[in-house]
Amino acid sequence: MDNTDPEALLAALAWQVELGVDAAVGDVPVDRYAAPPPPEPITRQADAPRLDAPQRARAPQQDDDHAQLVEQARQLAGRAATLAELRSAMAGFDGCILKQGARNLVFSDGHPAARLMIVGEAPGKDEDREGKPFVGRSGQLLDKMLAAIGRDRSDDRPDGGVYITNVLPWRPPANRDPGKDEMAMMKPFLLRHIALAAPDCLLLLGNAAMKTLYETDRGITAMRGQWREVGGIAAIASFHPAALLRNGLHKRSAWQDLQMLKSRLDTYG
């Protein structure tokens with residue numbers, strides 16, 4: 001075909017339109033019968049530049065910074081002579097990044113002179129909003145559990161009331177589990193909190209509370225129901241109410257732990 005003959009070109013165009021062609025896909029015609037170009041040579045792995053593996057270990061500077069923050073927390077906590085001073089010290093501590101994303105410092109609830117002190121893990125959405133520990137669904141279940149052993153957070157008697165706090169006073173993002181560094185950083189405040197409240201017994205609810213105060217990597221399933229001492233105070237660990245809401249099979253074990261706790265408290269009475 002003569003590529004310069006206008007009539008021939010128009011005829012070819014009309015033929016393509018009749019076949020259904022409605023758009024051009026290139027400026028140069030494509031020869032569908034031509035042999036494909038040879039493939040490019042494959043670069044062997046040995047010829048490729050080697051990339052260093054990502055460093056998972058923390059830099060020494062990060063460890064130093066964390067150690068300094070833990071020491072700062074220890075000094076601030078040690079200077080607190082009252083619960084009110086401890087709360088002020090925690091509110092002024094900027095070392096924990098969780099503070100930046102939280103609405104409120106969740107310090108405690110209940111009667112500070114109660115013979116039973118409960119340590120939970122960290123505030124959730126409801127706790128962050130109200131500034132009190134255990135006020136959501138987990139808190140409602142906890143209240144029922146306490147009522148079963150004759151305790152009430154609103155009771156202002158040492159024998160009938162309960163004092164409640166958490167390992168972390170600020171809510172972790174998306175209610176994630178507390179991190180090891182975060183727990184270590186806030187542990188001096190928690191230990192001082194327990195010393196100032198001076199309860200007869202501690203009930204540790206959940207992995208974070210148990211691991212922080214028992215200094216173990218074992219899980220709550222293996223450690224629950226065992227009496228230990230924390231700062232000279234008898235302590236027992238059990239499932240967090242949130243875990244009981246997720247898995248009702250743990251309720252029987254939690255009930256056994258509560259009965260052990262009640263018997264221990266009765267011996268002090």
Side-chain angles (χ1 to χ4, degrees), residues 98 106 108-111 114-155 159-180 182-183 190 194 199-228 230 233-267:
L98 295 178
V106 180
S108 67
D109 192 23
H111 186 37
R115 293 171 50 222
L116 172 61
M117 182 175 183
I118 295 176
V119 180
E121 298 188 341
K125 179 180 65 176
D126 296 323
E127 289 78 10
D128 181 42
R129 182 176 60 249
E130 297 190 27
K132 292 182 178 181
F134 286 99
V135 296
R137 290 183 62 215
S138 296
Q140 295 170 8
L141 179 55
L142 177 61
D143 289 342
K144 294 179 181 178
M145 295 165 61
L146 293 173
I149 59 171
R151 294 294 190 279
D152 187 332
R153 72 170 83 192
S154 63
D155 195 326
D159 288 339
V162 63
Y163 189 55
I164 308 173
T165 191
N166 282 318
V167 174
L168 300 184
W170 297 290
R171 179 194 180 194
N175 289 352
R176 63 162 172 77
D177 292 336
K180 287 186 177 181
E182 295 162 348
M183 293 188 291
L190 177 59
I194 293 171
D200 289 337
C201 289
L202 286 168
L203 173 60
L204 315 181
L205 295 177
N207 274 310
M210 184 271 296
K211 290 183 177 182
T212 299
L213 294 175
Y214 281 2
E215 297 183 347
T216 179
D217 288 329
R218 301 186 69 186
I220 189 67
T221 303
M223 300 300 294
R224 54 147 291 270
Q226 303 177 30
W227 284 105
R228 295 203 171 190
V230 174
I233 298 171
I236 190 171
S238 190
F239 293 105
H240 194 282
L244 300 180
L245 290 172
R246 293 191 300 267
N247 187 351
L249 296 177
H250 292 320
K251 289 184 177 180
R252 181 175 181 178
S253 297
W255 174 246
Q256 293 172 350
D257 300 338
L258 287 175
Q259 291 302 303
M260 293 175 63
L261 175 63
K262 183 178 185 302
S263 297
R264 189 67 172 253
L265 287 168
D266 289 344
T267 62

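The analysis underlying the following values was restricted to heavy atoms, covering all of them including side chains, and did not include hydrogens, waters or symmetry mates.
- Salt bridge absent: Lys125 and Asp128 never bring a charged side-chain N and a carboxylate O closer than 4.0 Å.
- Of the inter-residue distances, the one linking Arg228 atom CZ with Thr216 atom OG1 reads 6.5 Å to the nearest 0.5 angstrom.
- Here CG of Asp143 is found 7.0 Å from CG of Asp152. Values are rounded to the nearest 0.5 Å.
- Once rounded to the nearest 0.5 Å, the distance linking CG of Asp159 with CG of Leu116 reads 11.0 Å.
- Between the side chain of Ser138 and the main chain of Phe134, no donor-acceptor pair closer than 3.5 Å is present.
- With contacts defined as side-chain heavy-atom distances shorter than 4.5 Å, the pair Asp155/His111 does not qualify.
- Of all heavy-atom pairs between Asn175 and Pro123, the closest is OD1-O, 4.3 Å.
- Test Leu142, Asn166, Thr165, Leu261 against Ile118 for side chain to side chain contact (heavy atoms under 4.5 Å, CB included) and you get one pass: Leu142.
- A salt bridge is absent between Lys211 and Asp217; no separation between the charged side-chain nitrogens and carboxylate oxygens falls under 4.0 Å.
- Ile233 is linked by a side-chain contact (heavy atoms from CB on, under 4.5 Å) to Ile194, Pro199, Leu202, counting only residues two or more places apart in sequence or in another chain.
- Interatomic distance, NE2 of His240 versus CG of Leu204, reported as 11.5 Å (0.5 Å rounding).
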Next on the checklist: Would Leu265 and Arg151 count as a side chain to side chain contact (heavy atoms under 4.5 Å, CB included) here? Give the steps.
Outcome noted: CA-CA 11 Å; Leu265 287 168; Arg151 294 294 190 279; 3.3 Å; yes
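- In the displayed structure, Arg252 atom CZ is contacted under 6.0 Å by at most 12 heavy atoms of other residues, nucleotides or ligands.
- Using modelled atom types, one side-chain atom of Glu127 and one backbone atom of Gly124 make a donor-acceptor pair closer than 3.5 Å.
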Item to check | Glu182 vs Leu98, side chain to side chain contact (heavy atoms under 4.5 Å, CB included): CA-CA, chis, key distance, verdict | outcome: CA-CA 8 Å; Glu182 295 162 348; Leu98 295 178; 3.6 Å; yes
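- Side-chain contact check for Val230 versus Val119: every heavy-atom pair is 4.5 Å or farther apart.
- Side-chain contact between Cys201 and Ile236 is absent, with no heavy-atom pair separated by less than 4.5 Å.
- With Asn207 contributing its side chain and Ile220 its backbone, the two residues share a donor-acceptor pair below 3.5 Å.
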Item to check | Worked check of side chain to side chain contact (heavy atoms under 4.5 Å, CB included) between Arg224 and Met210 | outcome: CA-CA 9 Å; Arg224 54 147 291 270; Met210 184 271 296; over 6 Å; no
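- No donor-acceptor distance shorter than 3.5 angstrom exists from the side chain of Glu121 to the backbone of Asp177, with no hydrogens or angles considered.
- Side chain of Thr212 to backbone of Ala209: no donor-acceptor contact under 3.5 angstrom is found.
- The two residues Pro178 and Met183 come nearest to each other via the heavy atoms CB-CG, 3.8 Å.
- Atom CG of Asp126 is separated from atom NZ of Lys132 by 13.0 Å, given to the nearest 0.5 angstrom.
- The shortest side-chain heavy-atom distance between Ser238 and Leu205 falls under the 4.5 Å cut-off.
- Here the shortest heavy-atom pairing between Tyr214 and Ala235 reads OH-O, 3.1 Å.
- Going from atom CZ of Arg137 over to atom CG of Leu244 covers 11.5 Å, rounded to the nearest 0.5 Å.
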